[in-house]
Amino acid sequence: MILIVDDQKDMGAGLERLLRYAGHESVSVTGGAEALAMLHLRKPSLLVLDVNMPEMDGLTVLKTIKEHAELKDVRIVMYSTDTHDETMAEAKRLGALDFLIKGTIGFEKLVDRICELAGEPRTAD
Amino acid sequence: MRLADFILSNVEPILTGWEVFARSIGAGEHLDKLALRDNAALILQATARDMKSPQTAAERVTKSEGRSHTGEDSDALDGASSAHAVERLGLGFDMLEVMSEYRALRASVLQLWQASLPDADERDVDDLTRFNESIDQSLSKAIASYTHRVDQARDMFLAILSHDLRNPLGAIAMSAHVLPMVSNDKAEIVECGLRITRSASVMERMIGDLLDYTRTRLGAGMPVKPSPMDLAALGRELIDEFRAAHPTRRIEIRTDGEVKGLWDSDRIRQAMSNLLGNAIQHGSADFPVTLSIRGARSEVVIAVHSGGDPIPVGELPKIFDPLIRGASADQPQKNRPGSIGMGLYIAREVAKSHGGRIDVTSTVEDGTTFTIRVPYQSAPRVGQPILDVEHIAKM
């Protein structure tokens with residue numbers, strides 16, 4: 001299962017559909033607290049995490065997960081419009097596998113990269 | 001007494017004279033905020049010290065060309081001038097107002113000095129020249145700092161705007177990309193269509209906010225079409241919408257007195273919605289957000305209150321200006337979804353266009369309250385075109 005966290009509900013839902021039609025079970029939530037609650041119930045093969053979110057930003061979610069004994073192994077990729085070098089460097093430092101920038105990566109490549117990081121090959125189109 | 005010594009011994013009377021002069025030239029509404037005199041005093045002291053420092057012929061030529069020569073006193077003058085300009089920008093002064101302040105400072109010094117000199121001395125011309133050169137150096141530095149900071153703020157603002165627009169645009173593109181894949185699933189087609197429509201509405205609202213900002217910033221004003229309306233009904237409608245969108249938050253409404261009058265319903269809704277959205281975003285979830293609408297004798301008072309950390313005192317004067325507020329590269333502004341951070345600015349313009357005003361108070365004890373006051377009857381107001389026919393013809 002691939003878990004998507006994006007405060008822009010339609011963005012998360014769109015990516016969820018995209019991954020589903022590429023053959024992957026995916027779920028989207030709109031906030032960090034909701035994502036953390038879900039992680040305790042079921043660990044995803046990959047967490048796709050937005051950065052700029054109002055109540056708990058993506059870097060805080062990332063840090064919280066990586067500092068948690070039971071959750072620290074969760075694989076995480078950032079997917080955001082934030083292009084600040086410091087944000088990207090901080091995400092990598094905290095343990096994000098990659099930092100994908102919204103609007104600059106085509107959807108085909110996005111799905112391929114997410115599947116690759118999730119360790120789940122693309123199974124359908 | 002030489003002019004430099006005169007300045008150093010008379011900083012306070014000069015500042016008082018400067019304030020009176022500045023008010024008399026009517027440079028603008030922001031000149032009411034002259035309480036912040038610290039930098040002006042620093043500029044005066046640095047000017048006097050710069051005048052007293054020895055100056056070679058070459059340095060005089062450099063200065064007359066608007067370039068400052070190096071030296072401890074000259075650097076101190078540059079530093080004070082720069083700090084003054086940036087502070088004035090933060091308070092909402094425009095460039096003309098900053099320049100007017102310098103005119104006033106120059107006039108204040110010279111008037112007082114001349115009044116103190118019964119007989120002219122030939123050294124006075126030299127002193128005057130040195131004084132004017134120092135003030136010109138300070139003014140050049142202030143304008144350069146002001147312009148640099150405005151450019152920085154504008155770049156930052158545009159970067160934030162483009163990021164914020166990219167989210168709904170991405171959602172539209174993603175749904176359009178998914179659409180051919182779901183062609184056999186009617187429910188999914190409908191869902192894709194709804195996502196596209198919602199995101200397009202978000203973009204439309206952001207662009208609308210940007211247009212409102214541009215229009216009012218260029219002095220064209222916000223047009224209003226007042227008609228009879230009930231603020232209590234509008235308030236209840238908005239509260240229902242916000243409760244549905246934020247089911248975990250406590251959102252309350254209180255109304256009191258006569259709250260019917262002549263206002264532009266769409267604009268008032270926009271202002272109230274912006275204040276509520278702001279309270280939800282920045283207020284603590286441990287406290288309720290309260291909208292209160294109260295009829296007073298000649299006006300209606302609309303207040304939105306939230307609890308949690310107060311707005312830092314230094315941020316309060318610039319809270320309504322998105323260009324200045326979002327200018328820090330260290331702490332870039334983060335807007336709530338579907339917003340480009342214009343909400344408070346637009347709320348202020350809505351209040352002004354109805355002949356009213358907006359204020360904010362924020363303390364640890366009492367929380368944060370934004371208060372709009374509008375008279376019961378607002379006159380219709382037509383915004384002036386941003387570009388007149390002559391300008392358009394030249395484009």
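Below, read A as the first sequence line, B as the second, and so on, with proteins coming before strands; counting in each chain starts at 1.
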Should we count [atom1] of [X] as having more than 12 external heavy atoms under 6.0 Å?
{"X": "A:K63", "atom1": "NZ", "value": "no"}
{"X": "B:D240", "atom1": "CG", "value": "yes"}
{"X": "A:K9", "atom1": "NZ", "value": "no"}
{"X": "B:E252", "atom1": "CD", "value": "yes"}
{"X": "B:R243", "atom1": "CZ", "value": "yes"}

Study note, to complete from the structure: The side-chain contact (heavy atoms from CB on, under 4.5 Å) partners of A:T104 (sequence neighbours excluded) come to A:I101, B:R166
Review point. Can you tell me how far CG of B:N167 sits from CG of A:N52, rounded to the nearest 0.5 angstrom?
Key: 8.5 Å
Exercise for review: Report the residues that fulfil side chain to side chain donor-acceptor pair (under 3.5 Å) with B:T197, sequence neighbours left out, ordered by chain and then residue number.
Suggested key: none
Exercise for review: Report the residues that fulfil ring pair (Phe, Tyr, Trp, His ring centres under 6.0 Å) with A:H68, sequence neighbours left out, ordered by chain and then residue number.
Suggested key: A:H40
Point to revise | Proximity breakdown for A:L15 and chain B, heavy-atom pairs closer than 4.5 Å | key: both
Practice item. Report yes if the side chains of A:L110 and B:M174 come closer than 4.5 Å at any heavy-atom pair, otherwise no. Key: yes
Check your understanding: Which of residues 73-81 of chain A get closer than 4.5 angstrom to chain B, counting heavy atoms alone?
Key -> A:Y79, A:T81
Revision key, fill the gap. What one should report as the nearest heavy-atom pair of B:M181 and A:L18 is CE-CD1, 3.9 Å
Check your understanding: Which pair of non-hydrogen atoms, one from A:G14 and one from B:V178, has the smallest distance, and what is that distance?
Key -> O-CG2, 4.0 Å
Revision key, fill the gap. Whatever's closer than 4.5 Å to a heavy atom in chain A on B:A285 counts as neither
